[in-house]
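Okay, structure first, notes after.
Numbers restart at 1 for each chain; the letters A, B, ... are given by sequence-line order, proteins then strands. Only this structure's heavy atoms are used, side chains among them; waters, hydrogens and symmetry mates stay out.
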2 protein chains.
Amino acid sequence: MAAASARQVNIAIIGAGGVGKCFLSQLEQLAARRPSPKVVLTYICTSKKAIYSTDHVAIPLNTVSSTLASSQQAPLALPKLVDFLGTSGSKTVLVDNTSSQDVADAYPLFLSRGISIVTPNKKAFSGSYKLWQDIFGAAEQSGAKVYHESSVGAGLPVISTLKDLVDTGDEVTKVEGVFSGTMSFLFNSFAPTSGSGGKWSAEVKKAKELGYTEPDPRDDLNGLDVARKLTILARLAGLPVESPAAFPVQSLIPKELESVASGDEFLEKLPAFDAQMEETKAAAEKEGKVVRFVGSIDVATKQVKVGLEKFDLSHPIAALKGSDNIISFYTKRYGSNPLIIQGAGAGGEVTAMGVTSDLLKVLSQIA
Amino acid sequence: MAAASARQVNIAIIGAGGVGKCFLSQLEQLAARRPSPKVVLTYICTSKKAIYSTDHVAIPLNTVSSTLASSQQAPLALPKLVDFLGTSGSKTVLVDNTSSQDVADAYPLFLSRGISIVTPNKKAFSGSYKLWQDIFGAAEQSGAKVYHESSVGAGLPVISTLKDLVDTGDEVTKVEGVFSGTMSFLFNSFAPTSGSGGKWSAEVKKAKELGYTEPDPRDDLNGLDVARKLTILARLAGLPVESPAAFPVQSLIPKELESVASGDEFLEKLPAFDAQMEETKAAAEKEGKVVRFVGSIDVATKQVKVGLEKFDLSHPIAALKGSDNIISFYTKRYGSNPLIIQGAGAGGEVTAMGVTSDLLKVLSQIA
């Protein structure tokens with residue numbers, strides 16, 4: 001395949017944190033395993049540092065982390081980065097491994113210049129509906145690709161499955177699931193299907209100690225992360241949801257603790273509100289059910305909501321383990337038994353896997 | 001998008017049975033919804049009849065079923081079909097909606113001529129390992145694509161997920177699941193997680209009456225269908241399994257009934273063997289478990305097997321409903337909690353959905 005081996009695709013990466021590091025390692029393996037198309041890293045940056053050269057020289061993948069740490073170059077401003085990548089003469093894929101709204105806002109610009117994008121960044125697809133339209137409009141115009149599997153459920157095939165259902169003409173009637181690893185862990189411990197579980201505040205504290213929550217647990221308990229994911233899925237299912245603020249999202253932060261200064265102070269004061277959650281749990285138990293924090297999209301009635309719901313013990317959502325996500329697609333073709341996808345929905349390696357597999361899909365189309 | 005709308009891809013279809021009819025209807029919708037690339041049906045045949053013209057004129061999709069029924073043309077022999085499609089001057093995708101070994105054996109020939117293939121036909125990928133190598137070798141050489149999502153689990157994203165795991169460098173350690181809708185239905189009724197279930201022979205009879213079995217239920221009970229699917233997945237996971245006969249497959253046909261003349265006679269005589277299955281069920285119950293017909297692949301020990309296994313009541317395999325399939329991927333990245341895919345694994349519409357979504361993937365790459 002002499003002709004094929006000449007193909008080359010440039011890669012630019014923004015972000016080298018948890019997901020970014022895992023992605024770099026997967027990219028290095030990929031480049032070693034697959035000679036064609038040749039992937040060449042020509043730009044990488046964190047918020048402070050960058051590596052690139054004006055003549056787009058390949059950055060060696062095996063030493064990139066240490067080179068980046070000692071680099072004296074500053075990142076290019078986004079419009080300059082667009083120009084830099086757009087004038088390389090090679091097909092280019094931007095890998096955005098940040099959760100930055102600024103980078104997301106620049107997607108239409110990158111795409112309009114023919115630069116494809118793969119990313120786990122939720123902000124681009126759950127911001128304003130106008131940004132969503134601008135992104136996919138720019139991609140349609142230029143033929144550049146944009147893939148974001150890891151924006152929901154990390155590496156789980158959630159976005160691709162929903163797209164396949166819609167693109168092949170199925171009618172998605174309802175999407176329902178547990179979309180947060182943190183919430184999954186909390187409720188599987190607080191209200192297990194067998195045994196009694198711990199006190200709510202104790203479970204939140206434990207989850208934080210185990211690294212399952214954000215530094216301030218309120219960033220998980222406010223439900224916004226789940227609302228962002230639901231916004232993305234609802235739009236893919238055909239509902240033009242304006243933003244994550246456009247539908248009811250139940251916050252598990254007691255009103256009185258919304259404005260306390262720190263996550264630590266929040267955790268200190270949370271036990272005073274245990275009775276409230278205990279009551280919710282007991283009400284479910286009375287019906288032989290357990291309580292779970294779920295998101296759902298009812299396509300026919302256009303209702304999207306995020307919050308607590310009760311489930312029979314035998315329901316797959318009740319039976320979830322650890323910090324797993326579960327997503328059920330109810331469709332016309334699949335009838336009363338949904339298509340279900342389940343597994344780890346967070347973590348550096350599995351999130352990076354979604355990004356890498358998106359990159360492979362883009363390469364197969366543009367190279 | 002003037003340039004893009006000029007792109008055209010020819011489609012040739014073999015088979016217009018259950019899956020084939022559903023696919024035709026999905027293709028018609030697809031062509032109406034997506035102007036680019038333009039998909040043009042230039043050949044379609046059943047085992048007896050065909051429609052095509054030597055100058056590759058488009059066959060109208062809305063009337064193809066009735067035109068085919070009244071057609072006086074005979075199908076082209078496979079080598080002639082290869083020539084016919086290979087000389088059209090347009091990119092071409094062959095959709096094989098049969099379960100024919102003859103058609104499968106001709107895949108390397110189609111592929112070597114640059115004709116891409118999408119198909120639910122298990123025979124091509126679960127036959128001899130040599131045929132597997134010839135198929136993917138021919139595709140690699142010519143650049144033609146070959147997709148077969150529906151060969152395992154119908155439209156469920158099983159093949160694509162396993163490929164993504166492998167292609168992104170994850171290490172698949174084990175694959176386990178219920179791969180047959182018939183077996184799923186039988187055991188969910190015979191050994192339910194709550195209640196006592198019916199007699200084995202009565203459940204088989206009921207399954208046949210409901211259309212869940214092949215005309216002769218022995219074609220399901222011999223386990224070969226599951227063995228074929230396991231062969232495909234094992235090969236994708238990196239094991240060069242020689243054929244479905246290369247590993248242990250438990251048949252649920254009593255030896256004495258293997259050679260009775262008909263499915264009806266088999267069903268008549270089956271009750272005499274109920275005690276055997278009852279014993280298996282009771283042994284599982286004694287351990288607080290239920291029995292299920294599963295397939296598993298242990299990649300490290302290279303063990304593939306198909307047959308009865310016992311599962312805790314809380315295990316997702318035990319909790320399966322109706323005739324659903326469930327497939328669990330255990331990998332290095334996903335750790336102790338597997339990535340699970342669950343839902344209907346048979347039926348015309350969902351099988352055709354897998355074929356249609358494969359076609360979309362091929363179109364995105366070749367058009």
- One should read off an interatomic distance between B:L320 CG and A:N337 CG, to the nearest 0.5 angstrom, of 8.5 Å
- Query: What residue in A:Q342, A:E349, A:Q365 has the most heavy-atom pairs under 4.5 Å with chain B?
  - Reply: A:Q342
- Note on the structure: Looking only at A:S314, A:S194, A:G343, A:S364, the option with the highest number of non-hydrogen pairs under 4.5 Å against chain B is A:S364
- With A:D167, the salt bridge (Lys or Arg N to Asp or Glu O under 4.0 Å) member among B:K361, B:R34, B:R33: B:R34
- Message: Restricting to non-hydrogen atoms, name the atom on A:T161 and the atom on B:P157 that form the minimum distance, rounded to 0.1 Å.
- Response: OG1-CG, 3.4 Å
- Task: Sort B:L165 into side chain, backbone, both or neither according to what part of it lies under 4.5 angstrom from a heavy atom of chain A.
- Result: both
- Task: Identify which part of A:A319 has an atom lying under 4.5 Å from any heavy atom of chain B, answering side chain, backbone, both or neither.
- Result: neither
- Query: So does B:Q29 have more than 12 non-hydrogen atoms from other groups sitting under 6.0 Å from CD?
  - Reply: yes
- Message: Looking at every non-hydrogen atom in both residues, tell me the closest pair between B:P338 and A:D324 and how far apart they are.
- Response: O-OD2, 4.5 Å
- Query: Looking at B:M353, B:K163, B:K332, which makes the most heavy-atom pairs under 4.5 Å with chain A?
  - Reply: B:M353
- Item | Side chains of A:L156 and B:L339 in contact at under 4.5 Å (non-hydrogen atoms) | yes
- Message: Between B:L360 and A:T168, is there a side-chain heavy-atom distance shorter than 4.5 Å?
- Response: yes
- Message: Are the side chains of B:I340 and A:I341 in contact, using a 4.5 Å heavy-atom criterion?
- Response: no
